[in-house]
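Just below is one structure, and these are the notes that go with it.
Atom set for the values below is all heavy atoms of this structure, side chains included, hydrogens, waters and symmetry mates excluded.
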Amino acid sequence: MLTSSDPTPAPADTLPEALACWARRRGDRTALTYLDHRVTPMGSAATLTWRELDERVTTVASVLYGMSSPGDRAAILMAQGIEYVVAFLACLRAGLVAVPLFEPTMAASVGSVLADARPSLVLTTRDRFRAVRTFLDRDGRGPRQVIAVDGLAGAPVRQGVPVVPSRDDAAYLQYTSGSTQSPSGVVLTHGNVMASAAQAARAYGAEPDRAVSVSWLPLFHDMGLVLAVAAPVYAGMAAVLMDPLAFLEKPVRWLHALAASPGAISAAPSFAYGYTASRISPADKANLDLGGVKALINGSEPVRAEVMDRFHDVFAECGLKPETHRSSYGLAEATVLVSVTAPGAPPRRVRFDRARLSAGEAVLADVDDPRASTLVSIGRPAGQEVVVVDPVRRTEVPPGKVGELWVSGPNVGQCYWRQPVRSCHTFGALLSGGPKSLRWLRTGDLGVRFEGELYLTGRIKDLIIVDGRNHYPQDVEATAERSHPAIRPHALAAFGVPGPDGERMVVAVERARWVDDEWLDPGELTGTVRVAVAREHGVAPYEVVVLPPDGLPRTTSGKVTRAGCRARYLAGTFSPVGAR
């Protein structure tokens, strides 16, 4: 069992209390900045001080309190920005259960979530009000009450609004980004949120005037919400926000925001680091100083060592320090953060024997083994306990053995909203022979303890088993990506599908944007991938599917979803390059 010390004590029991505290202590200091890149290319800054943020939240909470009852759900359907933060915190202050979502034009899943969450009202902004109202009327599953948060400035504050609910009350529903099953809203209490915020603040050194959260991650995403809202409000740390689309259009905008924020703490999934490194020109790096960045967190998917190496190589001349990189692991069911690497040194990486790792044992590879699997450490637990468990026997396995990661701590959510059976399986796991009072969160992720640190090896549901041998999809994807220049980086998925004699491996890839369909020979590409995978992994893919750019399904956070790829493949809804 791995443990860590308790999270730093919070200045309050809930985020609304913490906000009120900082409004008193740091009233005129800047709390929140939003960089609007629709106004100017590098972002026009709109700011709120701690006192202004607290007043805005109180005003909106007063209106919400008069329109609903404590415990009602309130869905947030709006674009990234200051009003999103105000709406979220106002829901919490009014005793409502927030449902952080996004504009309905972004995904069809909004309707499904609304039907599941059953909110009593929807919060949006004036410029999106008509579109949201039209969507709700057409969908027929949303509430009738729609409020434009930015239209409430100057509204009278209702007397008697409760300042804050208790730590055990539900704060919000964090919907997961699964693509093949019904929406799953994780019920997170105020206590869960504060615990996670404290864990993140302590892990990354979030302190007033010494650090700034800089984030383009969507606020409806677990990491985006905790890193850009919960942790800053808990710690009294300023936050700088930008829209995810602004980052995707020009990644240099994120870098400029980092450079302009001494002590910047920021997070992104692995693909974003590779994307940024590939989209930066020498002119972009002129006068770019990243020496003051405190932490760049790589989370939400297995960390690829070669991606981080490339990112650092590109920006080392800008003063970026190797120890700035911090890899982490987390999931919505644990609010977000579970483990993180220590500060002061780059994350450790280890080359393991691939065959032994596939068989469930972490053994160092020979120095000259070209097929070794390089894993990057995800560090140690952050204010919680983590055990590596045999998922069948439900017993803890010794260091060096691969098993499922189970988590227990104050940040672990309560259940899935309106899913008692699945909740019991996921949130109520018991170790064989362990105390029945201690229940664990089953993460579904496979990992191993090696020399005191955790390493993520894959997901149980993504493991591909062909002829009795385990294959980790990320290893297959890395091999396929290296095999042909026409494959778009970070746009692949390897997954298993049922066959008459057992599971078969399928690899789906997107062609690079610079490759013309008429020039590309799909047969040559698929043949190259099959040979490369067979040579390195000892199994030839049953089929290699070549798709146009953006042909693979992705989660709301931008990651390729293997489950979604499997579902589309089995349904026959892929549109391969060259198909007629």
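- With hydrogens and angles left out, the side-chain atoms of W254 and T276 include no donor and acceptor closer than 3.5 Å.
- No hydrogens or angles considered: nothing links the side chains of S166 and D168 as a donor-acceptor pair under 3.5 Å.
- Note: W406 and W440 have tilted aromatic rings, judged against thresholds of 30 and 60 degrees for the angle between ring planes.
- The backbone N or O of P16 lies less than 3.5 Å from a partner atom in the side chain of R93, making a donor-acceptor pair.
- A donor and an acceptor atom, one from each side chain of D137 and T134, are nowhere located under 3.5 Å apart.
- By the 4.0 Å N-to-carboxylate-O rule, R56 lies close enough to E83 to be salt-bridged with it.
- R253 is linked by a salt bridge (Lys or Arg N to Asp or Glu O under 4.0 Å) to E249, counting only residues two or more places apart in sequence or in another chain.
- The pair D209-R29 meets the salt-bridge criterion, since a charged nitrogen lies less than 4.0 angstrom from a carboxylate oxygen.
- To the nearest 0.5 angstrom, L430 atom CG is 9.0 Å from S437 atom OG.
- Seen from the ring of Y416, R422 counts as a face-on cation partner, given the 6.0 Å and 45° thresholds.
- Counted within 6.0 Å of CZ on R118, heavy atoms from surrounding residues, nucleotides or ligands total 12 or fewer; the atom is thus considered open.
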Apply side chain to side chain contact (heavy atoms under 4.5 Å, CB included) to residues L53 and V86 and explain how you reach the verdict.
CA-CA 7 Å; L53 178 59; V86 170; 4.0 Å; yes

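- Side-chain contact between V303 and P347 is absent, with no heavy-atom pair separated by less than 4.5 Å.
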Can you check side chain to side chain contact (heavy atoms under 4.5 Å, CB included) on Q384 and V338, steps first, answer last?
CA-CA 7 Å; Q384 56 207 282; V338 171; 3.9 Å; yes

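- Y204 pairs by the ring pair (Phe, Tyr, Trp, His ring centres under 6.0 Å) definition with nothing, not counting sequence neighbours.
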